[in-house]
Structures are given as C-alpha cells and as structure tokens.
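Everything numeric in this text was worked out from a predicted model, so none of it was measured. All ligand and atom numbering here is 1-based and tracks the order in the structure.
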Amino acid sequence: MHEEPHEPQPVLHPALATEASDVVDVTERTPEVSSAVETSEPARKPRVIALLNQKGGVGKTTSTVNLGAAFARYGQRVLLVDLDPQSNLSLHFGVESGPEQRTIRDLLLDPTCRIEDAVQTARPGLDFIPAVTELALVEGELAQQEGMQTVLRSKLEPVYGNYDVVLLDCPPSLGVLSVNALTVADEVFVPMQAHYLPLRGLEKLLQTVHLISQGLNPTIRVTGILLCMHDGSSSHARAVIGEIESQLAQFRGMDVPWSTATVLDPPVRRNIKLAEAPSFGLTIFDYAPKCPGADDYRRIAEQLLIGWGLPHGSFDGAAVGGNDSDAAVPKKRKATKRAKRGVKAARGETAKSTKPTGSSKSASKSAKKSAKKSAKKSAKISAKSAKAASKITKRASATKAVTKVATKSVKRAQVTLSKAAKANAAKVARAARAVKVAKAAHTSNMAKLAKVARSSKPARSVKASKPAKAAKMAKPTKRPVRRSLRSGGLSL
Ligand code: ADP
Ligand code: MG
C-alpha cells in the first residue's frame, strides 16, 4: 500500500486510459474486501507472483518455467501453477499426466481436492500443478460458483509454508482464471515484447489490476515488466523500452498498483534454445545451460532475489549430462560414447592393452566399474530421450490428425465452390439465351418498323412537300368537334 495518496484521487494517465467497458469488472459481484487478505495472512507466506498478459505467445509460460527453475537452482522452494488451458507449462517438464493425476481443474472445482493431490515434483525444490485442456470450460463452471474469485487463494493457503516463491502462469485472457491469480498474487509480472502494439495492450491489463486492487486484493502490485524475445539491436525495441520506462516514471509515488513497476533487467533475448527446450521436456538449465536464454533468466532471478533479500549466492548450474556449453542432446551422445569406451576398456579391447598384465588387471577392474556407472547413466538418459521421442511422435500424430481434418474441409470447400461455379455458368448460359431471343425480337421489330415506314412514305411526302395544303385539310375536322362540345353546354 502507498502511504501518501495524492489528491485528487489518482486517475489513469491518458496514455494508459482505455474504455472502461473493456475491462472485466469483478468488483461488482464481490464488493466486500476479502478478510483473508487483511487478517489471516500466514507468517511464512511465499512471494506469489502472477505472470499476466491477456495476449498469447508473449513468453508467460517460458518465463514461468525458466524463472521458476532459476529460483529453484538458487535454493528457493518453488511452486509453479499452470492456469492456461493449453497446459504448456506441464510440457516443459516432460511429465505425462495420467487420468488419475489431479490437476488445477480438480483443485478449482472439486471441494474435496487438496493441493497436495495435484502437486507434482519436477526436480528437488521445483513443484508444479499441471493443467488440462478442459480448463477452458472451467471458466464457465467457476463463474457459477459462490466466491469464485478466491478459490485458488483458499486452496494455496494451506501450503504457503512449503514454498518461498509461487509463480502463476495465467491464461491469455482476463477472465475468471486470471482474476483468481490476481486475487492471490502479491505481485504481477507482465511478460511482453517491446513492440508498440503490446504496449497498448498493457493499458487494459493495468486497469484490470486496478479494479482488483480496489476490492479483492488491495495489496496487489504490478512490479515487473518482463521483456521477452528481445532484439537489442532493434532501435524500435529500444524506443519502446524508453517509452514504457517514461510512462511508468509518471506514476512514481502515486496510489496506483503499478507505481513501483520497473522493466526487469536484463531483457530476455530471442533465443531458439528457449523454444526448443520444451519439446525435450526440459527447462533451459537442463537443455542448454550456457545459452543466452539460460543466462538471461538466471540473471533476472538473481536480481530479484537480491531485491527481495533472499539467498542468491550459489547457483546449481549442473544440467543433465554435465554443465558444459553444449545442449543436452549432444551431451547424451557424448555420455553414450563415454560408456562404450568404458565397456571396451573393461573388456581389454583398447589398442594399447590387448593382453592383461598385473597392473592392467586393477586398471581393468576400475574401468569395469566406471563402465558400469557410465552404462547406468546412459541407460537413464536414453530412457528420458525415449520418453521425449514418444512425446514428439504423439505430437506429430496429433498434427497429422489436424492436417487431415484441414485437408477434408479444403476439399469440401472446393466441391462447394465448383458447384457454385457450375450453377453460375448455367445462369450465364440462360442469360445469353435470353439476350439472343431479345436480339431476334428486336431485329424482327426493326424489320416490321421498316415495313411500316415504307408503307407510310407517301403521306409523309405529301406533308413535307405541301404543308399549307395539309394544314388546310386538317382545319375542317376541328371545327365540328368544338361545335359539338359547345352544343353540349361545355365551355373550353
Ligand atoms: P505464452 O505463454 O505467453 O503464450 P510462451 O511462453 O508459450 O508464451 O511463448 C510463445 C512461443 O515463443 C513458444 O514457442 C516459446 O518457446 C517461444 N519463446 C518464448 N520466449 C522466447 C525467446 N526468448 N526466444 C525464442 N523463443 C521464445
Ligand atoms: Mg502460456
């Protein structure tokens, strides 16, 4: 909360103002401030952060996963909550959820489902609650529930003591799921790209947070703008960062939830490794621990921990198969090669030692041991790779199915089009026939007219050659008519 509310009451800066009707007004339905926030806050409440942006594809899930993984490697106990019906967060951990696995859907809709039933562990210190695609329907179901905006908060509260940081991966909308996240969150990070259009989207988001702060969660703060897929060489991106910073600066000291917001440092550079990692079911620190993406997320986590006064001294940078700069996949191949070499050495198959001597016996023993170890390690790795491969195959078959459906609908559209084209062709032919008939009629009419003209030629020649005579001839016919009218008592 801010100590010095300014007079008059702070309003949105004109640059951040949008139509009020665009924003979900959740305060209407629950005008009272939740007492849970004010009175029963547990002593060891973790930092609960919602990663929110109503736009999809801006880096919410990538940031939730990799920032969470970085916090965990700094020794924090982290919980990630997947609130997105696309359930992408769960994919990052290569975890297949069976039908018996409880998910965020159960947690939100089933009063008997406890949070412990839904939590899975990705690695020590890093837990997550998976989502399901049916989560899209949850919005509707939740909307009918009493106290629907605070369900997530009431479910999370019992495990607050188990975690230091909770990150909420919000869906790309400002519906009831996002409102649930905003109701429980202390802070909001806004992942976005440094483009002009995303900046406009920010206005609506800030207004939503403002509404939440006026009712459901008075202490919520937007604290970080997280720039994702950043292209530092683009002057446009730099200009937009400058624009965001100068806009945010205008709210310093004001009683608005984003008065302390800053652009988090460093921006996360566009890095293909970040896009590849989820297809292997790995975080960036397991997949490519020395790539720019890993470095950026680690540095952001470090900066945040420093700011929060939490431990940030040692970072567990060990990845699957080692901690060199290569990606995890080549490392797996290296590990397998090492194992093979070890087995060969154990069998005495190396070029140098074909005949075992006294000293080579002990060497062979240790080689056997290391070979066993390496073999075990490589078996573990290949099991993981097989899992990742099966996932890729599954995804490929899903894509195939979608392509099939798309091809079918294209064919259907083509048939409809050709039918319509045929019908049109028939219409054109009919019209052409009608034109032909009309032309024929016109020709015959013209012929008739010509005939009539020919037959009336003499009269016209009389009129033309002797006009005075013709006029004289016409006169007598008029007089009797006038007379007859007068005789009838009518005056003209
Ligand atoms: P959201 O959760 O907002 O929909 P995602 O985190 O799923 O967005 O990111 C959208 C896509 O962009 C994903 O394919 C992701 O792998 C990719 N991506 C995210 N951040 C980066 C980055 N810094 N560099 C390259 N690709 C990225
Ligand atoms: Mg997402």
- Please determine, by modelled atom types, if Gln247 and Glu243 share a side-chain donor-acceptor pair under 3.5 angstrom. yes
- Item | Min side-chain heavy-atom separation Ile104-Leu83 under 4.5 Å | yes
- Answer with yes or no whether Gly293 contacts ligand 1, where contact means a heavy atom under 4.0 Å from a ligand atom. no
- Item | Per-atom contact, atom 11 (C) of ligand 1, protein heavy atoms, under 4.0 angstrom | no
- Does ligand 1 have any atom sitting under 4.0 Å from a heavy atom of Pro172? no
- Please check if any side-chain donor atom of Thr219 sits under 3.5 Å from a side-chain acceptor atom of Asn217, or the reverse. yes
- Task: Before accepting this row, confirm whether a basic side-chain N of the pair Lys155/Asp106 lies closer than 4.0 Å to the acidic partner's carboxylate O.
- Result: no
- Query: Which ligand 1 atoms does Gly56 reach within 4.0 Å, using its non-hydrogen atoms?
  - Reply: 4 (O)
- Message: Under 3.5 Å between any N/O of Ser63 and any N/O of ligand 1: does that happen in this structure?
- Response: no
- Message: Pairing donors with acceptors under 3.5 angstrom, does anything connect the side chains of Thr223 and Glu187?
- Response: yes
- Message: For the 3.5 Å polar cut-off, considering only N or O atoms, please tell me whether Asn271 and ligand 1 meet it.
- Response: yes
- Give yes or no for whether the N/O distance cutoff of 3.5 Å, strictly under, is met between Thr62 and ligand 1. yes
- Message: Looking at Asp296 and Arg269, is any side-chain nitrogen of the basic one under 4.0 Å from a carboxylate oxygen of the acidic one?
- Response: yes
- Electrostatic pair Glu141:Arg105 at N-O distance under 4.0 angstrom: yes
- Leu274: numbered ligand 1 atoms lying under 4.0 Å from its heavy atoms: 16 (O), 22 (C), 23 (N)
- For ligand 1, does Gln86 get within less than 4.0 Å through its side chain, its backbone, both, or neither, judged by non-hydrogen atoms? neither
- Among protein heavy atoms, which lies nearest atom 21 (C) of ligand 1, and at what distance? Met229 CG, 3.3 Å
- Message: Quick one: does any side-chain atom of Asn66 pair with a main-chain N or O of Ser63 as donor and acceptor, under 3.5 Å?
- Response: no
- Item | Shortest protein heavy-atom distance from atom 16 (O) of ligand 1, along with the residue and atom involved | Ala275 CA, 3.2 Å
- Item | Heteroatom proximity flag, Thr61 to ligand 1, N/O under 3.5 Å | yes
- Protein heavy atom at shortest distance from atom 8 (O) of ligand 1: Gly59 N, 3.0 Å
- Could you tell me whether Asp110 and Arg102 make a salt bridge, using a distance below 4.0 angstrom between a side-chain N and a carboxylate O? yes
- Answer yes if the side chains of Asp127 and Tyr163 hold a donor-acceptor pair under 3.5 Å, and no otherwise. yes
- Quick one: do Lys60 and Asp169 make a salt bridge, cutoff under 4.0 Å? no
- Query: Looking only at heavy atoms, is any part of Cys228 under 4.0 Å from ligand 1, and if so is it the side chain, the backbone, or both, or is it neither?
  - Reply: neither
- Query: What residue and atom, counting heavy atoms only, is the protein's closest point to atom 23 (N) of ligand 1, and at what distance?
  - Reply: Arg269 O, 3.0 Å
- Query: Do Leu274 and Val268 have side chains that get closer than 4.5 Å, going by heavy atoms?
  - Reply: yes
- Task: Examine Gln86 and say whether one of its N/O/S atoms is closer to the Mg ion (ligand 2) than 2.8 Å.
- Result: no
- Note on the structure: A student checking ligand 1 against Val58 at a 4.0 Å heavy-atom cut-off should list atoms 1 (P), 3 (O), 8 (O)
- Task: Note the single closest protein heavy atom to atom 4 (O) of ligand 1, along with its residue, its atom name and the distance in Å.
- Result: Gly57 N, 2.7 Å
- Task: Say whether Lys55, considering both its backbone and side-chain N or O atoms, lies within less than 3.5 Å of an N or O atom on ligand 1.
- Result: no
- Indicate whether atom 14 (O) of ligand 1 is within a distance of less than 4.0 angstrom of some protein heavy atom. no
- Heavy-atom side-chain proximity of Leu52 to Leu205 below 4.5 angstrom: yes
- Item | Contact check: Pro278 vs ligand 1, nitrogen or oxygen atoms, below 3.5 angstrom | no
- So is there a nitrogen or oxygen of Val268 less than 3.5 Å from a nitrogen or oxygen in ligand 1? no
